[in-house]
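Below is one structure; the comments refer to it alone.
In what follows, residues are counted from 1 in the order of the sequence shown. Only heavy atoms go into these numbers, but all of them, side chains included; no hydrogens, no water, no symmetry mates.
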Amino acid sequence: QVQLVESGGDSVQAGGSLRLSCAASSFTYSVNCMGWFRQVPGKERERVADLNTADGSTVYADSVKGRYTISEDNAKNTMYLQMNSLKPEDTAMYYCAAGFWLEGRCVPGYWGQGTQVTVSS
């Protein structure tokens with residue numbers, strides 16, 4: 001069982017930056033990717049960024065490309081999401097996920113509890 005705990009959510013002004021962290025308790029042989037998703041009330045959960053932990057490849061949603069960076073620290077079993085040039089439309093609950101890589105994206109098998117990001121104009 002993999003447990004994921006997010007942190008780093010906050011309220012910031014547009015143009016600001018935040019770094020989200022996702023600490024994993026352990027990994028199983030079946031987990032070879034991690035990712036970040038976000039959701040606002042009344043809308044479907046949106047994929048933000050994926051990281052293939054086997055080869056380091058990354059995939060980003062068009063809406064965050066060039067502004068967000070997903071990374072990992074293997075020694076700490078922690079994944080990060082650096083978010084720059086934040087916009088009000090980035091406001092959402094951000095979720096960390098871990099799972100298996102399939103057809104160029106991470107298919108989640110485990111979820112964190114979420115961390116809130118609020119961007120004011």
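The backbone N or O of Arg105 lies less than 3.5 Å from no partner atom in the side chain of Asp50, so there is not a single donor-acceptor pair. Looking only at distances, a side-chain donor or acceptor of Glu6 sits under 3.5 Å from a matching main-chain atom of Gly114.
Side-chain heavy atoms closer than 4.5 Å link hydrophobic residues (I, L, V, M, F, W, Y) into clusters, and following such links, possibly through other members, connects Leu81 to Val119. The same ILVMFWY cluster, assembled from side-chain heavy atoms under 4.5 Å apart, contains both Val12 and Tyr94.
Taking each heavy atom of Ala92 and Val40 in turn, the nearest pair found is CB-CG1, 3.6 Å. Contact detail for Trp101 and Val59: the closest heavy-atom pair is CH2-CG2, 4.0 Å. Across all their heavy atoms, Val48 and Val64 have their closest contact at O-CG2, 3.6 Å.
The side-chain contact (heavy atoms from CB on, under 4.5 Å) test applied to Gln3 returns Ser25, not counting sequence neighbours. Here Thr118 pairs with Ser11, Thr91, Gln116 under the side-chain contact (heavy atoms from CB on, under 4.5 Å) rule; sequence neighbours left out.
Here the OG1 atom belonging to Thr58 is positioned 7.5 Å from the CD1 atom belonging to Ile70, to the nearest 0.5 angstrom. Thr78 OG1 to Leu20 CG: the interatomic distance, rounded to the nearest 0.5 Å, is 12.5 Å. Between the CD atom of Glu44 and the CD atom of Gln39 there is a distance of 8.5 Å, given to the nearest 0.5 Å.
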Would you list the atom pairs, donor with acceptor, under 3.5 Å between side chains in residues 82-89 and any protein atom, with sequence neighbours excluded?
unit_1: Gln82; atom_1: NE2; unit_2: Asn84; atom_2: OD1; d: 2.9
unit_1: Asn84; atom_1: OD1; unit_2: Ser17; atom_2: OG; d: 2.9

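Counting only residues at least two apart or in different chains, disulfide (SG to SG under 2.5 Å) contacts with residues 84-121 comprise Cys22-Cys96, Cys33-Cys106. Among residue pairs with one or both ends in residues 64-83, those qualifying as salt bridge (charged side-chain N to carboxylate O under 4.0 Å, His left out) are Asp62-Lys65, Arg67-Asp90; sequence neighbours excluded. For residues 37-87, every residue pair satisfying the ring pair (Phe, Tyr, Trp, His ring centres under 6.0 Å) rule, not counting sequence neighbours, is listed here: Phe37-Trp111.
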I'd like to know whether Met34 forms a side-chain contact (heavy atoms from CB on, under 4.5 Å) with Thr53, so could you lay out the CA-CA distance, the side-chain angles of the two residues, the decisive distance to 0.1 Å, and finally the verdict. CA-CA 7 Å; Met34 297 187 75; Thr53 56; 4.3 Å; yes

Report the C-alpha separation of Tyr95 and Leu4 in whole Å, then their side-chain angles, then the decisive distance to 0.1 Å, and conclude whether the side-chain contact (heavy atoms from CB on, under 4.5 Å) test is met. CA-CA 9 Å; Tyr95 296 90; Leu4 305 171; over 6 Å; no

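Within the 4.5 Å cutoff, the side chain of Ser63 has heavy atoms near those of the Arg38 side chain.
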